[in-house]
Amino acid sequence: MIVKHGMNYLTVLNSAINHKLAPPLAVLRRQQFLIRVLGVGGENRMQGSKFEADSDNILRAITPILDPNRHKGQAGKVAVIGGCREYTGAPYFAAISALKIGADLSHVFCTKDAAPVIKSYSPELIVHPVLEESYSVGDRDKDHISRRVVAEVDKWMERFDCLVVGPGLGRDPFLLDCVSEIIKQARQSNVPVIIDGDGLFLVTNNLGLVSGYPLAILTPNVNEYKRLVQKVLNCEVNDQDAHGQLLSLAKQIGGVTILRKGKCDLISDGEIVKSVSNHGSPRRCGGQGDILSGSVAVFLSWARQLILADEGKLIISPTNPTMLGCIAGSALLRKAASLAFEDRKRSTLTTDIIECLGRSLEDICPAC
């Protein structure tokens, strides 16, 4: 059998079968996986040509050096708003990922039921058991307790470089009402807000919470993105014009940045569209979106610090810190997931990926 340059996979396979050289099924499956990863069919090359972000150089540009003259907190202070009786893993994943990448302090504001569990995962996190759910609040006490919850978070607000709203939040009506007020307080304080998980459920039903706020980032998965498109554009998802539709969606909401998660992550602030299609992992264990939200929070904080300190002299594209944060977070997660999968294969878990975050960043941007 003669294999000529330019023959695609199916042509080679059919030729092999005709010559009775077909490999075992397990080998074929591995070959098919490698072809998808390497983009032999041309799809990955097409995605990577016009819209692909220069993610490695962005990571190098915005990651701060480890300076002994800096003090605690200058490398980033992140807060996660989420965590209830049912969901305690998601806020932990987001908060600990921020620390693993290099943030100095990571807070979690959760319900009283969730707090002891999240505290038990790691002593590194600062856990605030201040959120309340409907079952523990009487009708006559709702206004008073709501004001108290919002005040408890607001007194910390000026200390934070970024909020992550939604991991493990749940959909309790009273809790969501309180979180709506927390988002409003963050806007008033000019604190960036990343909306993920159940936070997207909240925002999709009340777009005014983020509309017109350029420091807001939405990180929808395939179903969350579908609901956003239906709500805002009044149509279905159009994968044939994915870039154009995402651009229109971000612009229509009012200049927020949207990171559409998928095989190729697409990111738009309503002005431009960038993609991150670096190979990640075929293992789709739950919790990777939480890693992403925590990662984006750190890189967004670093990008803002760099741009403000540089006074407009920074030579990097794009220049919007929300875009830079999304590109960096997406690229690092994909690299960490790939490393974890190399070692763990089918047994890869979110905790394995988290342990690869530091090594992944070190490979691209060495600390020393």
Side-chain angles (χ1 to χ4, degrees), residues 78-91 93-95 107-111 113-114 128 130-137 142-143 145-154 157 160 162-189 191-233 249-250 252-261 286 289-290 292-294 296-297 322 326:
V78 172
V80 177
I81 311 295
C84 61
R85 284 185 299 174
E86 292 84 359
Y87 308 116
T88 58
F93 291 148
H107 297 247
V108 177
F109 291 84
C110 60
T111 66
D113 290 332
H128 307 260
V130 300
L131 303 183
E132 298 279 1
E133 294 181 89
S134 299
Y135 76 92
S136 63
V137 180
K142 283 186 176 180
D143 288 343
I145 293 178
S146 176
R147 287 193 298 270
R148 187 188 70 195
V149 168
V150 175
E152 283 290 329
V153 180
D154 188 49
M157 192 70 71
F160 298 138
C162 190
L163 289 191
V164 179
V165 178
L169 185 63
R171 298 186 179 182
D172 179 81
F174 178 78
L175 180 53
L176 292 182
D177 286 343
C178 293
V179 172
S180 295
E181 295 303 314
I182 292 169
I183 294 174
K184 293 175 184 177
Q185 294 288 352
R187 289 190 64 163
Q188 290 178 10
S189 300
V191 175
V193 179
I194 297 168
I195 309 293
D196 187 44
D198 288 319
L200 287 166
F201 171 80
L202 170 63
V203 164
T204 301
N205 292 314
N206 188 359
L207 290 167
L209 290 172
V210 296
S211 180
Y213 188 45
L215 292 177
I217 295 176
L218 313 184
T219 59
N221 61 24
V222 60
N223 291 319
E224 292 159 347
Y225 185 74
K226 179 180 178 180
R227 287 192 287 268
L228 268 174
V229 168
Q230 290 172 339
K231 176 79 172 184
V232 178
L233 301 180
L249 181 62
Q252 190 78 14
I253 295 176
V256 302
T257 297
I258 301 175
L259 194 169
R260 179 188 176 184
K261 296 181 285 195
D290 305 310
L292 179 64
S293 62
V296 170
T322 58
C326 287

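In what follows, residues are counted from 1 in the order of the sequence shown. What you see below is based on every heavy atom in this structure, not just the backbone, and it leaves out hydrogens, waters and symmetry mates.
Of all the heavy atoms in Tyr213 and Ala186, the pair that sits closest is OH-O, 3.7 Å. The heavy-atom pair separating Gly82 from Val108 by the smallest distance is O-CG1, 3.7 Å. Scanning both residues, Thr88 and Ala114, for their nearest heavy atoms gives CG2-CB, 3.9 Å. Closest of all the heavy-atom pairs between Val164 and Ala297 is CG2-CB, 3.7 Å. Closest approach of Ser146 to Phe174, counting heavy atoms only: N-CZ, 3.8 Å. Minimum heavy-atom separation, Ala250 to Val256: CB-O, 3.6 Å.
Not one N or O on the side chain of Thr257 forms a donor-acceptor pair closer than 3.5 Å with the backbone of Leu218. Checked by atom type and distance alone, the side chain of Asp172 pairs as donor or acceptor with a backbone atom of Ser134 at under 3.5 Å. A side-chain donor-acceptor contact under 3.5 Å links Ser211 to the backbone of Ile253. Formation of a donor-acceptor pair under 3.5 Å by the Lys142 side chain with backbone atoms of Val137 is not found in this model. With hydrogens and angles ignored, the 3.5 Å screen pairs no side-chain donor or acceptor of Thr204 with any backbone N or O of Phe201.
Rounded to the nearest 0.5 angstrom, Leu200 CG and Ile194 CD1 are separated by 11.5 Å. Of the inter-residue distances, the one linking Ile217 atom CD1 with Leu292 atom CG reads 9.5 Å to the nearest 0.5 angstrom. The OG atom of Ser189 lies 5.5 Å from the CG atom of Asp154; values are rounded to the nearest 0.5 Å. The distance from atom SG of Cys178 to atom CD of Glu152, rounded to the nearest 0.5 Å, is 12.0 Å. For the atom pair CZ (Arg260) and CG (Asn221), the distance works out to 10.5 Å, reported to the nearest 0.5 Å. With rounding to the nearest 0.5 Å, the separation of CD in Glu133 from CG in Leu176 is 9.5 Å.
When each of Leu163, Ile183, Ile81 is checked for a side chain to side chain contact (heavy atoms under 4.5 Å, CB included) with Ile195, only Ile183 meets the rule.
Within the structure, side chain to side chain donor-acceptor pair (under 3.5 Å) pairs that include any residue of residues 175-188 comprise Glu181-Lys184 (at least two apart or interchain).
Using cut-offs of 30° and 60° for the angle between ring planes, the His128 and His107 rings count as parallel.
Residues Val165 and Val179 are in side-chain contact: their nearest non-hydrogen atoms beyond the backbone lie under 4.5 Å apart. In this structure, Leu131 and Val149 have side chains that are in contact, with non-hydrogen atoms separated by less than 4.5 Å. Pro91 places none of its side-chain heavy atoms less than 4.5 Å from the side chain of Cys110.
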Pair up each side-chain donor or acceptor in residues 225-233 with any protein partner under 3.5 Å, not counting sequence neighbours, and list the distances.
from	atom 1	to	atom 2	distance (Å)
Gln230	NE2	Glu236	OE1	3.1
Gln230	NE2	Glu236	OE2	3.2

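Within 6.0 Å of atom OH in Tyr87, 12 or fewer heavy atoms from other residues, nucleotides or ligands are found, so the atom counts as exposed in its surroundings.
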